[in-house]
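So that the names make sense, note that chain A is the first sequence line, chain B the second, and so on, each numbered from 1.
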2 protein chains.
Amino acid sequence: MITDPSLGLRDRKRLETRARLEEAAVTLVLRDGLEQTTVDAISDLADVSPRTFFNYFDSKDSAILGLREIDITAGLLADTIDRAAADGLVDAVVHLILDVMGAPLTRSTIKEDRMEIVRRHPHLLAGQLAQFTQLAAQLTEAVQVLLARDPRYAGQNEADRAASADVVLSLCGGAVRAAVKEWAADAAAVSARFDTASTSHRLEFRAISLAREVLDKLS
Amino acid sequence: MITDPSLGLRDRKRLETRARLEEAAVTLVLRDGLEQTTVDAISDLADVSPRTFFNYFDSKDSAILGLREIDITAGLLADTIDRAAADGLVDAVVHLILDVMGAPLTRSTIKEDRMEIVRRHPHLLAGQLAQFTQLAAQLTEAVQVLLARDPRYAGQNEADRAASADVVLSLCGGAVRAAVKEWAADAAAVSARFDTASTSHRLEFRAISLAREVLDKLS
DNA sequence: TTGCGGCAACGCAAAGTTGCAGTTGCGCAA
DNA sequence: TTGCGCAACTGCAACTTTGCGTTGCCGCAA
């Protein structure tokens, strides 16, 4: 239940509805399977109309993963800039992607259930990751900001920087996707209990290694 | 009309049906606009049922672009390997992507009409490019073959090579996407007549530059 | 307290997409 | 030449997704 009094009734209801939809989606998928779970059923369980479902989520998959519209806060961007200065651009961007895409997996109250679902249906995450470029002009924008503060890209004009940002994002996104793929294959095989926080770190570490390796060998 | 006598009636009919669908799609989109053109209308004009439409194409967009199932022939793979040896991995992969994705744009008989449509609706190509990773396990496989023949990746085991291939593909795919974005923005602004062959070359050149630049600056 | 602007939920309709099952007819071998 | 297997085509139903127009109610200001 959401009780933050700083929000008006309207916003509280909105948050509650979203939470109900997320929980309904996860519950039904665990109970009936991914294919068997329809948007209608999720909406029913959450007590809203199917039309409303799509006012909250872009797709069934988004609801299951609990992805909300990407919103890169000033704080997150600042952290990313710091990270870029400390560890380099690749580390920062990989971290940013995982933070934005993976937050519901590692920080939600139903994260264990979500992890279980993702483990059983790796294409869920992979699919979102494949699309994330188009979903998130914001990410490109954030990377552009990073590039603008990078001396190596100082001479570039706006347009070139946008293009470069796309490529950097694609590289890092690919690394994350590859890391997730491995993790899903591993998790399916090993099926060991795992702790979500450490999983997130392992993913980040692996993604960064992969990206760096390619940079290393191809340049 | 398809008249190659080496094919049986069955195959000839199949090719004809596909051609009719492609042409119907392009014709109707040019006449009525992208949104106004429905799968039903395309199927009608091509004299098949809407259900059959989806036996030939994954989506309306694919039909408009004339994308067929990706099939990397032995010849194409050999060419790509040669190119990798001569100009490097990035050049080869970028070329491969453009060849696979762009063939219908540069080699089809209705290419001018297609180019016109892509110019008016850049998201068509961008969308396909965004999805191409998942569509094309074959591309990943091809890149894996390239990596296997690359001395820098000689020490890697199968699994690591698969991951690296994903990242390389993502990098090059991003570069192509960025190049296409620029081209679309340009073409929309300039709206000049242009020659499809040289467009393809310019795209390839620009994509390679972008990829190399990122490799250069980030490593 | 009342009235108003706007957002949220909703129903409806249309389009895209996919699985299933039945029919037809090509291609091949006996 | 005949018969069989398989692939293509089809209709149908279900599901996902989106646009549009309507209704009701929250939040704010007079």
Side-chain angles (χ1 to χ4, degrees), chain A residues 2 4-22 24-25 28-29 32-65 67-69 121 123-124 127-128 131 134-135, chain B residues 2-22 24-25 28-29 32-65 67-69 121 123-124 127-128 130-131 134-135:
Chain A
I2 291 120
D4 185 340
S6 74
L7 277 57
L9 173 57
R10 199 170 238 169
D11 291 312
R12 261 178 294 143
K13 274 190 132 178
R14 189 161 172 79
L15 286 178
E16 264 172 41
T17 303
R18 173 182 288 274
R20 274 208 317 280
L21 280 170
E22 287 184 12
L28 290 180
V29 169
D32 302 334
L34 181 59
E35 321 270 288
Q36 286 52 283
T37 302
T38 68
V39 170
D40 279 11
I42 297 172
S43 312
D44 268 0
L45 187 53
D47 254 319
V48 296
S49 83
R51 186 63 188 86
T52 298
F53 175 94
F54 288 102
N55 289 337
Y56 283 88
F57 296 101
D58 286 340
S59 67
K60 189 169 80 167
D61 291 359
S62 300
I64 295 167
L65 294 178
L67 298 181
R68 51 216 69 216
E69 265 169 36
H121 306 280
H123 81 267
L124 271 181
Q128 297 294 129
Q131 290 183 32
Q134 71 191 73
L135 290 178
Chain B
I2 291 117
T3 48
D4 185 339
S6 75
L7 276 57
L9 173 57
R10 198 172 235 166
D11 292 310
R12 259 178 294 144
K13 273 190 129 178
R14 188 162 174 76
L15 287 179
E16 263 172 42
T17 303
R18 173 181 287 276
R20 274 209 316 280
L21 280 170
E22 287 183 12
L28 289 179
V29 170
D32 302 335
L34 181 59
E35 321 270 288
Q36 287 50 274
T37 302
T38 69
V39 170
D40 279 11
I42 297 171
S43 312
D44 269 359
L45 188 52
D47 254 319
V48 295
S49 83
R51 187 64 189 81
T52 297
F53 175 95
F54 288 102
N55 289 339
Y56 283 88
F57 297 101
D58 286 340
S59 66
K60 189 170 81 166
D61 291 359
S62 301
I64 295 167
L65 295 178
L67 298 180
R68 53 216 66 214
E69 264 170 34
H121 307 280
H123 81 266
L124 272 180
Q128 297 295 131
Q131 290 183 33
Q134 72 192 72
L135 291 178

Intermediate values then yes/no, side chain to side chain contact (heavy atoms under 4.5 Å, CB included), Glu35(A) and His121(A): CA-CA 11 Å; Glu35(A) 321 270 288; His121(A) 306 280; 5.9 Å; no
Sub-3.5 Å pairs of nitrogen or oxygen atoms, protein against nucleotides 20-22 of chain D:
none

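Contact detail for His123(A) and Leu34(A): the closest heavy-atom pair is CE1-CD2, 3.6 Å.
How far OG of Ser49(A) is from CG of Asn55(A): 7.5 Å, rounded to the nearest 0.5 Å. Here the CG atom belonging to Asp61(A) is positioned 9.0 Å from the CG atom belonging to Leu67(A), to the nearest 0.5 angstrom. Rounding to the nearest 0.5 angstrom, the gap separating the CG atom in Asp47(B) from the CD atom in Glu16(B) is 12.0 Å. Here OG1 of Thr38(A) is found 8.0 Å from CG of Leu28(A). Values are rounded to the nearest 0.5 Å.
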If a protein heavy atom is under 4.0 Å from the base, mark B; if only from the sugar-phosphate, S; if neither, -; do that for nucleotides 25-30 of chain C going 5' to 3'. BBS---
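Residues from residues 33-49 of chain B placing a heavy atom under 4.0 Å of any atom in DNA chain D, listed by number, are Val48(B), Ser49(B).
Within the 3.5 Å criterion, the main-chain N or O of Val48(B) finds no donor-acceptor partner in the side chain of Thr52(B). A distance-only check finds a donor-acceptor pair linking the side chain of Ser43(B) to the backbone of Val39(B) [under 3.5 Å]. Looking only at distances, no side-chain donor or acceptor of Ser62(B) sits under 3.5 Å from a matching main-chain atom of Phe57(B). Between the side chain of Lys60(A) and the backbone N or O of Ile42(A) there is no donor-acceptor pair closer than 3.5 Å.
Between the CG atom of Asn55(B) and the P atom of dA7(D) there is a distance of 13 Å, rounded to whole Å. Atom C1' of nucleotide dC12(C) and atom CZ of Phe54(A) are separated by 15 Å, given to the nearest angstrom. Taking atom CZ of Phe57(B) as the reference point, atom P of dA8(D) lies 14 Å away to the nearest angstrom. The CD-C1' distance, from Glu16(B) to dC9(D), rounds to 16 Å in whole Å. The CG-C1' distance, from Leu15(A) to dA9(C), rounds to 16 Å in whole Å. Remark: P of dA8(C) and CZ of Arg12(A) are 15 Å apart, rounded to the nearest angstrom. As a whole-Å value, the separation of Asp61(B) CG from dT17(D) P is 16 Å. Rounded to whole Å, the distance from NZ on Lys60(A) to C1' on dC15(D) is 8 Å.
Nucleotides of DNA chain D nearest to Pro50(B) and Arg14(B) differ in position, and the one nearer the 5' end is that of Arg14(B).
When the side-chain nitrogen and oxygen atoms of Thr17(B) are compared with OP1 and OP2 of dC9(D), one or more of them lie within a distance under 4.0 Å. Within the structure, every side-chain polar atom (N or O) of Tyr56(B) is placed at least 4.0 Å from both OP1 and OP2 of dA8(D).
For the pair Arg14(B) and Tyr56(B), the cation sits on the ring face: its NZ or CZ lies under 6.0 Å from the ring centre, inside 45° of the axis.
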